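Right, one structure below, let's go through it.
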Amino acid sequence: MDRLKVTSPAKLNLILDVLAKRPDGYHELQTIFERISLCDEITLIPNKSRKIKIHSSHPHVPKGPGNIAYKAAMMLAQDFSISEGLDINIIKNIPVAAGLAGGSSNAAAVLLGLNRLWQLGLNTKALAGYASRIGSDVAFFIYNTSYALGTGRGELIRPLGIKTKLWHLLVTPRVKMYTPEVFARLKLNLTNKKDSVNILLPFLRKGDIVQLAGSLSNDLEPVILSLRPDFIKLKKKLFDAGASGVCFSGSGPSVFALAKSYKHALSLRAKFDKRYTQAFVVSTL
Ligand code: ATP
């Protein structure tokens, strides 16, 4: 094989429960991931340089070892004594640092792609092991599943065999939210915890959009709104456009509206404030 193209999808969190702060500084989470149709495109091209190089025209994508796709390739190259070089071309469509796990997905796509390109014979469990050493959100993308339950830091994955296809209008405001800052400001409310995952799952299985809309939740929302009170208006605009439910993904700033169908998602986009230029109609992948 002289080159390999891999698709690298984004994720949304339909539920993000923050359960506790752990002694290692991370938070114990319970989340439902949804893989969505907004994707980066990655091409892996072996070269003779003996170096791993990242290429991307996006200004905020790190071009060297700071790129976690680079880290993924380097881990496999070292463990399997691969000395040939590699060009990793990343076409970025997923907004960066937006709560959509674009970087994590790129790293997973490189693990999956190099397993084929370099014929490493790694199974899903072994690939997920590499993934969880790279970052909390990477392992989800190793599994060929639309939805999964994530626990631990988010790296312990249980694929959910759910076939429901959802439609969303996804809006990513052009502001930076720093994940560590959002978690640092979180005041954990350990009382009155409802079992959000088990409430939502039956509605997701049935594709009951009305009930699903009322069951979306993200424990980081109060922090996101305290950092950016103007996002209250953004949520209202999505409801005013006709959204069934609205929720932030990860630590924001991306916010997604639940639509009843593709047509409904298109009508949400048509009615939504045109000043938000990063507004995507997306579906479950
Ligand atoms: P997180 O919640 O982990 O911060 P995110 O989904 O909000 O993730 P990403 O798009 O993954 O955001 O980017 C987070 C940071 O990771 C960026 O600021 C960027 O500097 C760095 N990064 C490293 N590798 C990549 C990559 N392949 N694509 C995008 N960003 C990357």
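Read the numbers this way: they start at 1 and go in the same order the structure lists the ligands and their atoms. Along the sequence shown, residues carry numbers from 1. Here the structure is a predicted model, which is why all the values come from computation and not from measurement.
Considering backbone and side-chain N/O atoms, Leu100 comes within less than 3.5 Å of an N/O atom of ligand 1. Here's the thing with Gly252: none of its N/O atoms is less than 3.5 angstrom from an N/O atom of ligand 1. Residue-to-ligand polar distances keep Val61 apart from ligand 1: every N/O pair is separated by 3.5 Å or more.
Residues Asn218 and Asn13 have side chains that never bring a donor and an acceptor to within less than 3.5 angstrom of each other. Under 3.5 Å, the side chains of Ser254 and Ser249 contain no donor-acceptor pair of N or O atoms. For the 3.5 Å distance criterion, the side chains of Tyr147 and Thr284 qualify, holding a donor opposite an acceptor. Judged purely by distance below 3.5 Å, without hydrogens or angles, the side chains of Arg174 and Thr277 pair a donor atom with an acceptor atom.
Within a 6.0 Å radius of NZ in Lys233, no more than 12 heavy atoms belonging to other residues, nucleotides or ligands are found.
Among Leu29, Leu200, Ile199, the one residue that satisfies the side-chain contact (heavy atoms from CB on, under 4.5 Å) test with Ile15 is Leu200.
In this structure, atom 31 (C) of ligand 1 has a protein heavy-atom contact shorter than 4.0 Å. For atom 1 (P) of ligand 1, the nearest protein heavy atom lies under 4.0 Å away. In this structure, atom 9 (P) of ligand 1 has a protein heavy-atom contact shorter than 4.0 Å.
Ligand-side atoms of ligand 1 in range of Lys92: 28 (N), 29 (C), range being under 4.0 angstrom from any heavy atom. Counting the atoms of ligand 1 from 1 in the order shown, those under 4.0 Å from a heavy atom of Asn106 are 26 (C), 27 (N), 28 (N). When each atom of ligand 1 is checked for a heavy atom of Ala98 under 4.0 Å away, the hits are 5 (P), 7 (O), 12 (O). Interface of Gly99 with ligand 1, defined as ligand atoms under 4.0 Å from a residue heavy atom, comprises 5 (P), 6 (O), 7 (O).
Contact between Met177 and ligand 1 is absent, with no heavy atom of the residue lying under 4.0 Å from the ligand.
In this structure, atom 18 (O) of ligand 1 lies nearest to the protein heavy atom Ala97 CB, 3.9 Å. At the shortest separation from atom 20 (O) of ligand 1 among protein heavy atoms lies Pro62 CG, 3.7 Å. Protein heavy atom nearest atom 24 (N) of ligand 1, with residue, atom name and distance: Ile68 N, 3.1 Å. The single protein non-hydrogen atom nearest to atom 4 (O) of ligand 1 is Thr179 OG1, 3.1 Å, given as residue, atom name and distance. Val96 CG1, 3.7 Å is the protein heavy atom nearest to atom 17 (C) of ligand 1.
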Could you walk me through whether Asn47 and Lys53 satisfy the side-chain hydrogen bond (donor to acceptor under 3.5 Å, both in side chains) test, starting with their C-alpha distance in whole Å, then the side-chain angles of each, then the deciding distance to 0.1 Å, before giving a yes or no? CA-CA 10 Å; Asn47 69 39; Lys53 293 181 196 158; 5.9 Å; no
One pair to check against side-chain contact (heavy atoms from CB on, under 4.5 Å): Phe183 and Val18. What are the steps and the verdict? CA-CA 9 Å; Phe183 273 99; Val18 186; 4.1 Å; yes
I'd like to know whether Ser132 forms a side-chain hydrogen bond (donor to acceptor under 3.5 Å, both in side chains) with Arg153, so could you lay out the CA-CA distance, the side-chain angles of the two residues, the decisive distance to 0.1 Å, and finally the verdict. CA-CA 9 Å; Ser132 55; Arg153 290 180 284 123; 5.4 Å; no
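The closest heavy-atom contact to atom 26 (C) of ligand 1, among the options Ala101, Gly103, Gly66, comes from Gly103.
Under the 30°/60° scheme for interplanar angles, the aromatic rings of Tyr262 and Trp167 are found to be tilted.
Within the 4.5 Å cutoff, the side chain of Asn115 has heavy atoms near those of the Leu127 side chain.
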